[in-house]
Engineer: 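Below is the structure I would like to discuss, written out as structure tokens.
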Amino acid sequence: MSNSTAAAVFTTPDLEEALGVVRTFLGIADLTFAEVDFEATIRSREGVAGVLKVLPELDWRAAEASEPRSAKTGDDPAQCLPVSVHDWSHPLDLAEPFIRALRVEDAAAVRWDLSGWPEVPEAGLEEISQKYAYLTLSVNSRDLYQYECSPGHTVHVHVRAGRDLDRVRWLAAQVGGHFTGRTELAPL
């Protein structure tokens, strides 16, 4: 299994501003075969209800390891809070409705699996294939795995592990952000 480096390039308490940054990056990326994945820890009944409207077939399980209840067992997620969501391969247009359904106590990592980052000759950047082209918005969290819950939202750009930091800096500059030096390894 290989890894990507997820570099934090923009953090804000304003969800609309974070979504604007994501939209800018999506405008730069190749979206030919792009899709979106959802990981979340949902703690609120309102969050569960809203997310189920977006994804009626939501793949969830009780967050407590000792609790066997899940979507597969037919349980009501509102009775199993907090629930852990790992739902993959959705159309891009579901990302914002999913994000907007969450409440402040719910944390998520929404990952766009892109078809690639383009070549940028004036910045000396080569094209990057889909294998290393991802974008993640951590909602109500600073990290990819919802370990560091916070009232803000962080945009992460993924590139090849240990490489392509010039691309990270260039992308950050496109949205008025900056590479903080904070990275996480993300399994692919």
Side-chain angles (χ1 to χ4, degrees), residues 3-26 35-72 75-114 134-158 172 175 177 179-188:
N3 293 312
S4 69
T5 295
V9 296
F10 198 90
T11 299
T12 178
D14 184 342
L15 182 59
E16 291 307 315
E17 185 177 30
L19 288 170
V21 167
V22 167
R23 285 186 213 109
T24 298
F25 288 152
L26 292 175
E35 57 189 23
V36 67
D37 302 328
F38 305 109
E39 291 187 15
T41 302
I42 303 177
R43 295 174 178 86
S44 70
R45 288 180 179 273
E46 298 83 4
V48 166
V51 166
L52 284 171
K53 285 180 185 173
V54 176
L55 297 170
E57 302 298 318
L58 182 69
D59 187 10
W60 66 272
R61 62 177 167 67
E64 298 298 322
S66 62
E67 181 64 58
R69 298 187 292 176
S70 71
K72 291 178 178 67
D75 292 298
D76 176 1
Q79 300 300 315
C80 304
L81 296 174
V83 296
S84 181
V85 171
H86 297 276
D87 212 323
W88 311 100
S89 305
H90 291 285
L92 299 184
D93 63 348
L94 292 180
E96 287 196 33
F98 178 90
I99 292 164
R100 292 182 192 291
L102 299 170
R103 298 298 175 250
V104 71
E105 60 269 30
D106 306 322
V110 177
R111 185 179 80 186
W112 288 262
D113 300 345
L114 310 170
Y134 298 94
L135 172 65
T136 299
L137 173 59
S138 295
V139 180
N140 300 322
S141 177
R142 293 179 43 85
D143 67 302
L144 300 178
Y145 305 103
Q146 301 96 56
Y147 298 135
E148 226 181 299
C149 292
S150 73
H153 317 286
T154 300
V155 179
H156 306 266
V157 173
H158 296 245
V175 296
F179 173 45
T180 64
R182 191 164 60 92
T183 63
E184 296 177 70
L185 281 183
L188 300 175

Engineer: Between G50 and A101, which heavy-atom pair has the shortest distance, and what is it?
Structural biologist: C-CB, 3.4 Å

Engineer: I want to check something: taking the side chain as every heavy atom from C-beta on, are T154 and D143 in contact at a cut-off of under 4.5 Å?
Structural biologist: no

Engineer: Once rounded to the nearest 0.5 Å, what's the spacing between atom CD of E46 and atom CG of L102?
Structural biologist: 12.0 Å

Engineer: Shortest non-hydrogen contact from I42 to G47?
Structural biologist: CG2-C, 3.9 Å

Engineer: Count the heavy atoms of every other residue, nucleotide or ligand shown that sit under 6.0 Å from CD of E64, and state whether that count exceeds 12.
Structural biologist: no

Engineer: Decide yes or no for K72 and D59: does some side-chain heavy atom of the first lie under 4.5 Å from some side-chain heavy atom of the second?
Structural biologist: yes

Engineer: Quick one: CD on E17 to OG1 on T11, what's the gap to the nearest 0.5 Å?
Structural biologist: 10.0 Å

Engineer: Quick one: does D37's side chain have a donor or acceptor within less than 3.5 Å of a partner on D113's backbone?
Structural biologist: no

Engineer: Any chance you could measure C149, atom SG, to E105, atom CD, to the nearest 0.5 Å?
Structural biologist: 10.5 Å

Engineer: State, to 0.1 Å, how close V155 and A18 come at their nearest heavy-atom pair, and which atoms those are.
Structural biologist: CG2-O, 4.0 Å

Engineer: Locate the shortest heavy-atom distance separating Q146 from S141; write the atom from each residue and the value.
Structural biologist: CA-OG, 3.4 Å

Engineer: Does the side chain of S138 come within less than 4.5 Å of E184's, by heavy atoms?
Structural biologist: no

Engineer: Is there a donor-acceptor pair closer than 3.5 Å between any side-chain N or O of H153 and the backbone N or O of N140?
Structural biologist: yes

Engineer: Is there side-chain contact between W60 and V51, with heavy atoms separated by less than 4.5 Å?
Structural biologist: no

Engineer: Is there side-chain contact between V21 and L137, with heavy atoms separated by less than 4.5 Å?
Structural biologist: no

Engineer: Is there side-chain contact between L52 and P77, with at least one heavy-atom pair below 4.5 Å?
Structural biologist: yes

Engineer: Between S44 and D106, which heavy-atom pair has the shortest distance, and what is it?
Structural biologist: OG-OD2, 2.8 Å

Engineer: Donor-acceptor check, side chain of R69 to backbone of A62, threshold 3.5 angstrom: yes or no?
Structural biologist: no

Engineer: Strictly by modelled atom types, are H86 and S84 linked by a side-chain donor-acceptor pair under 3.5 Å?
Structural biologist: yes

Engineer: Could you give the distance from CD (E39) to OH (Y145), rounded to the nearest 0.5 Å?
Structural biologist: 7.5 Å

Engineer: Looking at every non-hydrogen atom in both residues, tell me the closest pair between V110 and A95 and how far apart they are.
Structural biologist: CG1-CB, 4.2 Å

Engineer: Which residue, Y134, F25, F10, forms the side chain to side chain contact (heavy atoms under 4.5 Å, CB included) with V157?
Structural biologist: F25

Engineer: Please step through side chain to side chain contact (heavy atoms under 4.5 Å, CB included) for the pair R45 and Q79, ending with a clear verdict.
Structural biologist: CA-CA 8 Å; R45 288 180 179 273; Q79 300 300 315; 3.4 Å; yes

Engineer: Are W112 and H158 side-chain neighbours, meaning at least one heavy-atom pair lies under 4.5 Å?
Structural biologist: no

Engineer: Got a sec, which pairs hit salt bridge (charged side-chain N to carboxylate O under 4.0 Å, His left out) with one end in residues 87-103, sequence neighbours left out?
Structural biologist: E16-R100, R23-E96, E96-R100

Engineer: Determine, stepwise, if the pair L81 / R43 fulfils side chain to side chain contact (heavy atoms under 4.5 Å, CB included).
Structural biologist: CA-CA 6 Å; L81 296 174; R43 295 174 178 86; 5.9 Å; no

